[in-house]
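Reading through the structure tokens given below for one structure.
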Number of protein chains: 2
Amino acid sequence: MRKQDITIYDVAREAKVSMATVSRVVNGNTNVRKDTRERVMKVINRLHYQPNAVAQGLASKRTTTVGLIVPDLTNLYFAELSKGIDDIALLYKYNIIITSIENRLMREDQAIQGLLNKQVDGVIYMSDNLPEEAIEAFKRTDTPVVLAGTKDSHSEFPSVAIDYQKADTEALNLLYNDGRRNLALVLGNPDTVVSAENRIPAYKKFMADHGLGEGHIYTNIKDHSDGYNLLSQLEQDGIDGVIVSRDVTAVGILNSAIDAGKKVPEDLEIITANATQIASVVRPALTAIRQPLYDIGAVAMRMLTKLMNNEEVPEKQIELSYEILKKQSTTNE
Amino acid sequence: MRKQDITIYDVAREAKVSMATVSRVVNGNTNVRKDTRERVMKVINRLHYQPNAVAQGLASKRTTTVGLIVPDLTNLYFAELSKGIDDIALLYKYNIIITSIENRLMREDQAIQGLLNKQVDGVIYMSDNLPEEAIEAFKRTDTPVVLAGTKDSHSEFPSVAIDYQKADTEALNLLYNDGRRNLALVLGNPDTVVSAENRIPAYKKFMADHGLGEGHIYTNIKDHSDGYNLLSQLEQDGIDGVIVSRDVTAVGILNSAIDAGKKVPEDLEIITANATQIASVVRPALTAIRQPLYDIGAVAMRMLTKLMNNEEVPEKQIELSYEILKKQSTTNE
DNA sequence: AGAATAGTTGTAAACGTTTGCAATTTATGA
DNA sequence: TCATAAATTGCAAACGTTTACAACTATTCT
């Protein structure tokens, strides 16, 4: 194995300085005389010396690595968040260890612990649900954590997200103004913070405020086929306008409606609460709450860099602005 | 900071053994007497000792970390590959450092070097193009590399993919049998190994074999809007059947056709060569070459685990079988 | 019982850096 | 020119493990 054949010692010897000086040159420490620096640099280049990040991590207790916890890599919602994170991470020279936590052989707290054992300098957590076990795991450590695209119940953790209640209310209002009165809410997991403490209360309040009765909340509708199969139930319940938490699910409902010979938006208006690429490529294109996913990821990562440097972070609960993107799945006045 | 307050020393002291013994217990070494093991385990649990993976990595020269090089996280093609990789990585207890290399501030070889400096035990490379600089970077090291969903020109690197030539030929044949004669090929980057050495030759051969003339190859058509805008050109060239390398691009063509009042498949048949979720949720659903993306990722990662353990790997160029999934964008006989 | 062997444990040297501190060199000021 | 301060360098101790190797203990065999 010649995995790491040349070390800081080799450079030191060749450049006739101590390893401490080489270390200073490598780390851009200013306390090195110009010609010494140049001599060392020359040797570094000649030998193609590259510092061993593991040894650096052990000695300095900083690994320049952050952990990303994500439910599902193939969900574009998380992929777009990740892209924002990744770009900022690159900018600040952090690497990313990604851990997905859905359908796992490993419990979530074990996954987190594994990340912490790798001595990541910080963690970004993206699941829309932060279970107690995860909270406990995080609390056992000093490693800073930022939530991206989600919130926790007690605002214990810094987070970057949007105002879900406001967004949902605005979306419901759009349907209402289109004359729809039988409004439904379609959710995946109803027990997440976003569902339980934001979307559901907003929906209930809206229905009550407008005298629309109890309404209908459908839960555990998680993917395209769940959405597809839900349509008959929606018909049965006389739903004419629906907010769907995930866009693939919304597309399932949409396709089901089309296949059943129904017209969207005439017979059913659909708004998705999480717009990814998919929402815009289907036809009719889905009206959506457009969360600035890339920005959420980028801002979260930027905040994390500050926390990792013990810099001051005045505002720890950041809400970015969203947009209601009117497309073809709602009436165009 | 109490990041890692208890070390193997603390456990050793409490359990009245040497750190070597604790290390053996932690690593499941069998050369420890049963009651000693239990005593140590008890202390480990009481103190919540967790080994520091960085120190382990330095001492053992194995980091149980693999690097993933991917062009774009938000491209479902790579996300689905990654999922297969991730699942097998979890099974074998590897963590994944993910590095995306498109539109970067960093050159590709620097990204690779960064991964190697972190002492990853292996690398999976997923871009459909392996530039010379990347090859050089890999050759400077002993770290094993496996290509997933792509191949290199000289088969220097182990790879897991499908037979692109055969798949494309079969797809072209499907169009031909549907009576289409003005067949086109729509590509992103034409200079990748997959394009230049597989898809284009297969296309040219097919056209020649069937006396269909030169044909039309459209290049640098990379996303939905590129596809959308390409339609007029396709019309102008009288194309009636097209193979599209990426499915979002295919959807762009499809949507453009629909918006222009054309009928798919009647006026234009479309086959995508890379089916992700998107190909199946649009309407009409796209006929596709379905690559077993998850499996490609999983097999690639499994092969990598063997290489990392210096196990025998008899077959280093693996081709998995694909499937032509007939949907609504080609004629249903 | 004693020798040979197998099983268990400890000692200490790596692994490749960073970094506080001391030592040395150079610059500054009177 | 010499004392003093500032800048530069080196020394050596961390960082928290793993792992030869040696040393010791328990077991087996004759």
Side-chain angles (χ1 to χ4, degrees), chain A residues 1-41 43-44 47-65 114 116-121 142, chain B residues 1-41 43-44 47-65 116-121 141-142:
Chain A
M1 296 284 277
R2 55 161 218 279
K3 202 166 204 171
Q4 178 66 35
D5 29 13
I6 45 160
T7 71
I8 205 169
Y9 275 103
D10 302 312
V11 177
R13 181 169 17 81
E14 294 279 316
K16 300 195 196 312
V17 294
S18 73
M19 47 184 300
T21 300
V22 178
S23 174
R24 290 189 188 101
V25 171
V26 169
N27 293 295
N29 188 313
T30 49
N31 292 333
V32 181
R33 207 171 44 195
K34 190 143 165 287
D35 58 334
T36 312
R37 172 186 308 283
E38 281 162 3
R39 183 155 39 92
V40 172
M41 282 304 286
V43 176
I44 286 177
L47 301 186
H48 294 113
Y49 167 73
Q50 294 286 144
N52 179 323
V54 173
Q56 288 180 315
L58 183 59
S60 68
K61 293 173 163 278
R62 306 187 76 243
T63 56
T64 58
T65 302
L116 296 175
N117 292 349
K118 292 258 159 133
Q119 310 296 116
V120 294
D121 295 334
D142 286 342
Chain B
M1 297 283 277
R2 57 159 215 279
K3 203 167 204 171
Q4 178 68 34
D5 29 12
I6 45 159
T7 72
I8 204 168
Y9 275 102
D10 301 311
V11 177
R13 180 167 18 79
E14 295 278 318
K16 302 198 195 310
V17 294
S18 73
M19 46 184 301
T21 299
V22 178
S23 174
R24 290 189 189 100
V25 171
V26 168
N27 293 294
N29 189 312
T30 50
N31 293 332
V32 182
R33 208 170 44 196
K34 190 145 167 285
D35 59 333
T36 313
R37 172 185 306 282
E38 281 162 4
R39 183 154 41 93
V40 171
M41 282 304 288
V43 176
I44 286 177
L47 301 186
H48 293 114
Y49 167 72
Q50 294 288 141
N52 179 323
V54 173
Q56 288 181 315
L58 183 60
S60 69
K61 293 174 163 276
R62 307 188 76 244
T63 55
T64 58
T65 302
L116 297 175
N117 292 349
K118 291 258 159 134
Q119 309 297 115
V120 295
D121 296 334
T141 175
D142 287 340

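Naming: A, B, ... by sequence-line order, numbering from 1 per chain. Note that this is a predicted model, so its numbers are computed, not measured.
- In terms of phosphate contacts, B/Arg33 brings a side-chain nitrogen or oxygen within less than 4.0 Å of OP1 or OP2 of C/dT9.
- With the nearest nucleotide of DNA chain C identified for both A/Ile8 and B/Lys16, B/Lys16 has the one nearer the 5' end.
- Contact check for A/Ile44 versus A/Val26: side-chain heavy atoms found under the 4.5 Å cut-off.
- Side-chain proximity of A/Ala20 to the nucleotides D/dG10, C/dT17, C/dC15 is greatest for D/dG10.
- We find that OH of A/Tyr49 is positioned 7 Å from C1' of C/dT17, with the value rounded to whole Å.
- Separating the CD atom of A/Gln119 from the P atom of D/dG16 is a distance of 8 Å, rounded to the nearest angstrom.
- One interatomic measurement links the two molecules: CD1 of B/Ile6 to C1' of D/dG16, which rounds to 12 Å at whole-angstrom precision.
- In this structure, A/Asp35 atom CG and C/dT26 atom C1' are separated by 12 Å, rounded to whole Å.
- Distance, A/Arg39 CZ to D/dT9 C1': 11 Å, rounded to whole Å.
- Distance CZ (B/Arg37) to P (C/dG7): 15 Å, rounded to an integer number of Å.
- Using a 3.5 Å distance cut-off with no hydrogens or angles, the side chains of A/Lys118 and B/Thr65 do pair a donor with an acceptor.
- OP1 or OP2 of D/dT17 has not a single side-chain nitrogen or oxygen of B/Ser23 nearer than 4.0 Å.
- Here the side chain of A/Arg24 is nearest to one of C/dT17, C/dC21, D/dT17, namely C/dC21.
- A close approach under 4.0 Å does occur between a side-chain nitrogen or oxygen of A/Thr36 and OP1 or OP2 of D/dT9.
- Between A/Asn27 and A/Gln56 the shortest side-chain heavy-atom distance falls below 4.5 Å.
- The interatomic distance linking B/Asn31 (CG) with D/dT27 (P) rounds to 16 Å, in whole Å.
- Across all non-hydrogen atoms, the minimal contact from A/Val120 to A/Thr63 is CA-OG1, 3.8 Å.
- B/Val54 comes within 4.0 angstrom of no nucleic acid atom, judged by non-hydrogen atoms across all strands.
- The side chain of B/Ser60 lies closest to D/dT18, out of C/dT17, D/dG10, D/dT18.
- The B/Ala55 side chain lies nearest to D/dT17 when the options are C/dG10, D/dT17, D/dA12.
- Among the atoms of the strands shown, only primed sugar atoms or phosphate atoms (P, OP1, OP2) are found under 4.0 Å from some heavy atom of A/Val17.
- Here the C1' atom of nucleotide D/dT19 and the CG atom of B/Leu58 are 13 Å apart, to the nearest Å.
- Distances shorter than 4.0 Å separate some side-chain N or O of A/Lys61 from OP1 or OP2 on D/dG16.
- Counting all heavy atoms, side chain and backbone alike, A/Asp121 lies closest to A/Lys61 at OD1-O, 4.3 Å.
- B/Ser18 has a side-chain polar atom (N or O) that falls below the 4.0 Å cut-off from OP1 or OP2 of C/dG10.
- A/Val11 has its side chain within reach of A/Val40: a pair of non-hydrogen atoms, C-beta onward, lies under 4.5 Å apart.
- At D/dA14, none of the side-chain N or O atoms of B/Tyr9 fall inside 4.0 Å of OP1 or OP2 (strictly under the cut-off).
- Of the candidate nucleotides D/dT9, C/dT18, D/dG10, D/dT9 has the atom lying nearest to any side-chain atom of A/Val32.
- A/Thr21 comes within 4.0 angstrom of sugar-phosphate atoms only, judged by non-hydrogen atoms across all strands, and of no base.
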